[in-house]
Amino acid sequence: MRTPDSGGSAGVGDPADRLARDLADVALGSGPPATVEDAQALQERLAPLVRQEPLDLAGVSLVAGLDVAYSPGDDRLAAAAVVLAAPDWTVVETATAVSRPRFPYVPGLFAFREAPALLEAVAGLRAVPDVWVCDGFGLAHPRRFGLACHIGLALDRPVLGVGKTPFIGRAEPPAAPRGSWSDLEDGGEVVGRCLRTRDGVKPVYVSVGHRVDLDSATELVLRLAPRYRLPEPVREADRHCRARLAAV
DNA sequence: GCGACAG
DNA sequence: ATCTTGTCGC
């Protein structure tokens with residue numbers, strides 16, 4: 001039985017566990033931070049909890065994709081969580097949630113806008129994916145704690161981020177062939193990878209969210225994008241959240 | 001100080 | 001994110 005002084009791995013009284021609960025509270029609606037400063041401080045406290053570790057790709061049979069779409073007319077937004085099965089990435093389950101943004105769009109604080117709705121959609125899923133793919137960044141973030149990290153810690157599952165346009169850092173253009181990549185560097189450290197998923201087509205940016213490493217993330221994204229620039233989970237999630245919004 | 005800035 | 005036509009290329 002676990003007691004407060006039993007020591008060892010994370011218990012409910014642990015600092016790490018407290019932070020994880022703070023994050024879940026924020027993400028699930030006990031209210032966003034009151035100020036930009038509070039939000040940034042929360043990210044700084046949580047960033048050290050991100051873990052990078054190899055992911056056994058041979059054991060990956062279910063992959064989830066997450067994305068959000070905004071309504072042109074009103075202030076609604078729709079989040080989608082989709083699950084695809086290996087090896088051909090057929091969609092096997094989808095869940096969506098419609099809500100309103102509770103935090104303004106501030107570069108770097110993106111997650112406080114989208115994570116609540118995304119986690120609401122995730123809660124409607126029955127499957128247990130082996131790894132999750134977010135539309136956005138993870139460690140490639142000013143405080144090394146982007147959306148993919150928020151989701152990763154909230155779920156305590158392997159998560160990686162795929163961005164379409166550069167946010168922070170610098171990367172040399174990868175060679176033209178699909179599979180070529182270059183380091184995305186910021187402040188003297190490698191925070192992600194600039195990866196070419198199609199011959200001669202604009203690259204994507206891959207970064208670690210939680211419980212994966214860059215090599216695993218890169219290889220997985222490549223496998224998830226056999227035909228289009230963006231990985232299938234992200235494309236499907238994008239398709240579903242838009243459809244949900246259109247479906248009044 | 002100024003510009004840049006995921007979705 | 002969203003507002004937006006046609007067009008070049010595989």
Side-chain angles (χ1 to χ4, degrees), chain A residues 27 32 36-37 39-40 42-43 46-47 50 65-82 96-122 132-152 159-171 176-178 184-187 191-210 217 221 225-231 233-246:
Chain A
V36 163
E37 290 70 26
Q40 293 175 335
L42 180 56
Q43 291 182 326
L46 294 166
V50 170
L66 299 174
D67 194 20
V68 166
Y70 294 82
S71 170
D74 47 65
D75 66 344
R76 291 178 312 148
L77 61 80
V82 303
T96 57
V98 175
S99 66
R100 321 203 174 260
R102 291 150 200 169
F103 202 83
Y105 171 68
V106 180
L109 300 180
F110 194 48
F112 294 99
R113 234 173 125 65
E114 301 201 343
L118 285 171
L119 292 173
E120 207 180 304
V122 168
W132 302 68
V133 182
C134 288
D135 184 340
F137 293 97
L139 293 177
H141 176 279
R143 287 166 295 281
R144 309 293 183 257
F145 201 72
L147 175 66
C149 300
H150 279 254
I151 298 294
V159 179
L160 63 95
V162 177
K164 298 183 284 294
T165 61
F167 179 28
I168 57 146
R170 268 206 53 207
R178 160 185 153 82
L184 175 60
E185 299 180 81
D186 180 65
V191 296
R193 247 167 222 180
C194 182
L195 174 69
R196 191 90 65 184
T197 51
R198 292 200 66 191
D199 291 355
V201 172
K202 178 162 57 152
V204 299
Y205 299 82
V206 178
S207 58
V208 169
H210 189 45
V221 169
R227 177 165 180 187
Y228 299 100
R229 178 190 175 226
L230 294 177
V234 171
R235 297 184 73 244
E236 288 297 336
D238 178 79
R239 207 164 68 72
H240 284 278
C241 57
R242 289 196 207 209
R244 179 68 174 76
L245 217 45

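Please read these numbers as outputs of a predicted model, since none were measured by experiment. What you see below is based on every heavy atom in this structure, not just the backbone, and it leaves out hydrogens, waters and symmetry mates. In what follows, chains carry the letters A, B, and so on, assigned in the order in which the sequence lines appear, proteins first and then strands, with residues in each chain numbered from 1.
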> Hey, is the side chain of A:Lys164 poking within less than 4.0 Å of OP1 or OP2 on B:dG7, counting only N and O atoms?
Replying inline: yes
> For the pair made of CG in A:Leu184 and P in B:dA6, what is the distance, rounded to whole Å?
Replying inline: 13 Å
> Which is true for A:Gly161 with a 4.0 Å heavy-atom rule: it touches a base, it touches only sugar-phosphate, or it touches nothing?
Replying inline: nothing
> Separation of A:Leu139 atom CG from B:dA6 atom P, in whole Å?
Replying inline: 18 Å
> Got a minute to check which stems DNA chain B is part of, using Watson-Crick or G-U wobble pairs under 3.5 Å, three or more consecutive?
Replying inline: none
> With centres under 5.5 Å and planes under 30°, do A:Phe110 and B:dA6 count as stacked?
Replying inline: no
> B:dG7 P sits how many Å from A:Asp238 CG, rounded?
Replying inline: 11 Å
> side-chain contact (heavy atoms from CB on, under 4.5 Å) with A:Val234: which of A:Val82, A:Val133, A:Leu66?
Replying inline: A:Val133
>> Please confirm whether the shortest side-chain N or O distance from A:Tyr105 to OP1 or OP2 of B:dA6 is below 4.0 Å.
In response: yes
>> Please convert DNA chain C into dot-bracket. A pair counts if it is Watson-Crick or G-U wobble with both distances under 3.5 Å; crossing pairs go in [ ] and bases paired with another strand get |.
In response: ..........
> With respect to A:Asp186, which candidate in A:Arg170, A:His141, A:Arg144 satisfies the side chain to side chain donor-acceptor pair (under 3.5 Å) definition?
Replying inline: A:Arg144
> Going by distance alone, is a donor N or O of one side chain under 3.5 Å from an acceptor N or O of the other, for A:Tyr105 and A:Glu114?
Replying inline: no
>> Does this structure show an ion pair linking A:Asp135 with A:Lys164, if we count only N-O contacts that are shorter than 4.0 Å?
In response: yes
>> Once you measure the plane-to-plane angle for A:Phe145 and A:His150, does it fall in the parallel (<30°), tilted (30-60°) or perpendicular (>60°) bin?
In response: tilted
>> Is there a side chain to side chain contact (heavy atoms under 4.5 Å, CB included) between A:Thr197 and A:Val201? Walk through the geometry before answering.
In response: CA-CA 8 Å; A:Thr197 51; A:Val201 172; over 6 Å; no
> Taking the side chain of A:Ala69 as its heavy atoms from C-beta onward, which of B:dG7, C:dT2, B:dA6 lies nearest to it?
Replying inline: C:dT2
> For residues 70-78 of chain A, which residues have at least one heavy atom under 4.0 Å from DNA chain B?
Replying inline: none
> In whole angstrom, what separates A:Leu160's CG from B:dA6's C1'?
Replying inline: 15 Å
